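Data first, discussion second: the structure below is written as structure tokens.
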Amino acid sequence: MLDIKIIRENPQFVKEQMAKLQAFDAPVDQVLALDEERRSILVQVEELKARRNAESKRIGQLLREGRSEEADALKAEMAQVAATIEALDARLKEVDAALFDAMSRIPNLPLPSVPVGKDDSENVVVRTEGRFREFDFPPLPHWELGEALGIIDFERGVKLSGSRFYVLKGLGARLQRALITWMLDVHIHEHGYTEVYPPFVVREHCLFGTGNLPKFGDNLYRDVEDDLWLIPTAEVPVTNLYRDEILPPGSLPIYHVAYSPCFRRERMSAGKDVRGIKRGHQFDKVEMVKFVEPEQGEAELEKLIADAEDICRRLDVPYRLVQMCTGDLAFAAAAKFDLELWAPGCGEWLEVSSCSLFNDFQARRANIRYRPAEGARPRYVYTLNGSGLALPRVMIAVLENYQQRDGSVVVPEVLRPYMGGVEVIR
RNA sequence: GGAGGGAUGGCCGAGCGGUUUAAGGCGGCUGUCUUGAAAACAGCUGUGGCAGCAAUGUCACCGGGGGUUCGAAUCCCUCUCCCUCCGCCA
């Protein structure tokens, strides 16, 4: 949610930003009109309420003094006022709801540093790092490797739950668990994050807080009976931890890391990435979430990226950092960088992390504030999050980069302590 | 799932239709006194919206929503959450 004052005071600027974002459906003019109407009603209705409050008190006084005739006359007069108030309040409620809805559909403003572009083709590769391995045999895609090793079972996954589900077995399951634990340990012990184990189903307002609703409900699973939603990422419960709170002075910055499964319907991507484990309806992820002071936003984003990048580097897999252009920016993000691992088997760069700075956009929606100093007025925090990292795609990168001619896969050095010392999956 | 009891300001806790601008206490802040501190005494004490250059004014908020009334923390309906007991359960 944007600060409505920005729209009110500088609508032209906001419209230009919306054009950069390709957000041509953003209801800026609607917001302006509704805001004006709202304020005009407020002025009228508040004046009437002030009068009613004063006269009601007067009625009480008259009754106590036994002047019931005067009281009755005043009552009759106030009944008229009350009726007018009721009508104005009803209209105000409609306007408020419409304004809220319109505001909810306006995306965040991009930082000035975000490159302007129409879609993902204009994203900018910031840098490419790591050692590309030379293969003296044609590297296989992970779906062939995994199936041959008996560690990924696609058919039975489909039997259980339909397309885009798979089963990990034996050292495949172990490898994923090792990655999760290792990543968590690195972030907790070396990057200063506090681990969180959140609920994996949440109520609707949590999804509103992070910006997934109302616009992106199509991609979510929902339990209609209890009105709970399966989380598409741990970002949702973790960001909402401090919803409707005013954090006391000295609380910031807060760094959290959480492991969670993620559930996505992926209806928007029907037919895309159907092979392998790149895009499933359920996947695991380690997610970092930060709450920081506004002045620290951009510096914290850089540190967040560095923390995610550290995982890639230690895995010794080639990766690149890509900055999203305005046309490819997520709804709630002010800036967003992806980390992509190279997968030589399927010949693709795999998005394993998405690091975003939201400024106060999510904090407004979720009402997360902090008090800069004792007695100071509350301010909205800035929120950030980034994957650290998404498991299936890291698994793909490990399997494909560490494969050997005989179809076995070497376990990366850093994971061996988490694999009971296993050095090769064969 | 069944039965009952609750939800009031940072915290505790009164209030059950109109001198409540939410009593009182605790905590916190400021001041007086003091060499300093404590104690005592006095004053202050939340969030948001709107109008205004500002001082300030005004409205809303007693778990959420709706209703009754000239007037609701207070009465009615409804939802959510918490607690106690029973049942079931990894």
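Just so it is clear, the model here is predicted, and its values are computed rather than measured. In what follows, every chain begins at residue 1, and chains take the letters A, B, ... in the order their sequences are listed.
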Item to complete: List for me each residue that meets ring pair (Phe, Tyr, Trp, His ring centres under 6.0 Å) alongside A:Y319, sequence neighbours excluded, and say none if there are none.
Response: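 Counting only residues at least two positions away or on another chain, A:Y319 forms no ring pair (Phe, Tyr, Trp, His ring centres under 6.0 Å).
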Would you say a side-chain N or O of [X] is under 4.0 Å from OP1 or OP2 of [N]?
| X | N | result |
| --- | --- | --- |
| A:N53 | B:G18 | no |
| A:K93 | B:G66 | yes |
| A:R52 | B:G71 | yes |

Rounding to an integer number of Å, can you tell me how far [X] [atom1] sits from [N] [atom2]?
| X | N | atom1 | atom2 | value |
| --- | --- | --- | --- | --- |
| A:R243 | B:C81 | CZ | P | 13 Å |
| A:K49 | B:C61 | NZ | C1' | 11 Å |
| A:E204 | B:G64 | CD | P | 19 Å |
| A:R58 | B:U19 | CZ | P | 15 Å |

Counter-base of [N], judged by Watson-Crick or G-U geometry with both distances under 3.5 Å:
| N | value |
| --- | --- |
| B:G43 | B:C29 |
| B:A7 | B:U80 |
| B:C85 | B:G2 |
| B:U56 | B:A51 |

Between [N] and [M], how far apart are the two [atom1] atoms, rounded to whole Å?
| N | M | atom1 | value |
| --- | --- | --- | --- |
| B:A40 | B:C33 | C1' | 9 Å |
| B:C83 | B:A90 | P | 22 Å |
| B:G64 | B:A7 | C1' | 12 Å |
| B:U69 | B:G15 | P | 28 Å |
| B:G6 | B:G65 | P | 22 Å |
| B:G17 | B:G13 | P | 22 Å |
| B:C62 | B:C70 | C1' | 22 Å |
| B:A22 | B:A60 | P | 12 Å |

Discussion item. Evaluate A:L34 against A:Q30 for side chain to side chain contact (heavy atoms under 4.5 Å, CB included), listing each step before the verdict.
Written reply: CA-CA 6 Å; A:L34 288 166; A:Q30 207 181 322; 4.1 Å; yes
Please check if atom [atom1] in [X] has more than 12 non-hydrogen atoms from other residues, nucleotides or ligands closer than 6.0 Å.
| X | atom1 | value |
| --- | --- | --- |
| A:E190 | CD | yes |
| A:K215 | NZ | yes |
| A:R8 | CZ | yes |

Item to complete: Indicate for each nucleotide in nucleotides 44-50 of chain B, in 5' to 3' sequence, whether protein heavy atoms under 4.0 Å reach the base (B), only the sugar-phosphate (S), or nothing (-).
Response: ---SSBS
Discussion item. What I want to check is whether the side chains of A:T383 and A:Q362 have a donor and an acceptor closer together than 3.5 Å.
Written reply: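 A:T383 vs A:Q362: donor-acceptor pair found between side chains.
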Worksheet item: Distance only, no hydrogens: is a donor on one side chain within 3.5 Å (strictly under) of an acceptor on the other, for A:R379 and A:Y370?
Response: yes
Worksheet item: Can you tell which of B:U80, B:C59, B:C70 lies closest to the side chain of A:M78?
Response: B:C70
Item to complete: Choose from B:G18, B:C70, B:U58 the nucleotide whose nearest atom is closest to any side-chain atom of A:R64.
Response: B:G18
Item to complete: Give one of base, sugar-phosphate or nothing for A:R51, where a contact means two heavy atoms less than 4.0 Å apart.
Response: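 If one applies the 4.0 Å heavy-atom cut-off, A:R51 turns out to touch nothing in the nucleic acid.
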Practice prompt. Return the orientation label for the A:H187 and A:H191 ring planes: parallel under 30°, perpendicular over 60°, tilted otherwise.
Written response: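 Judged by the thresholds at 30° and 60°, the geometry between A:H187 and A:H191 is tilted.
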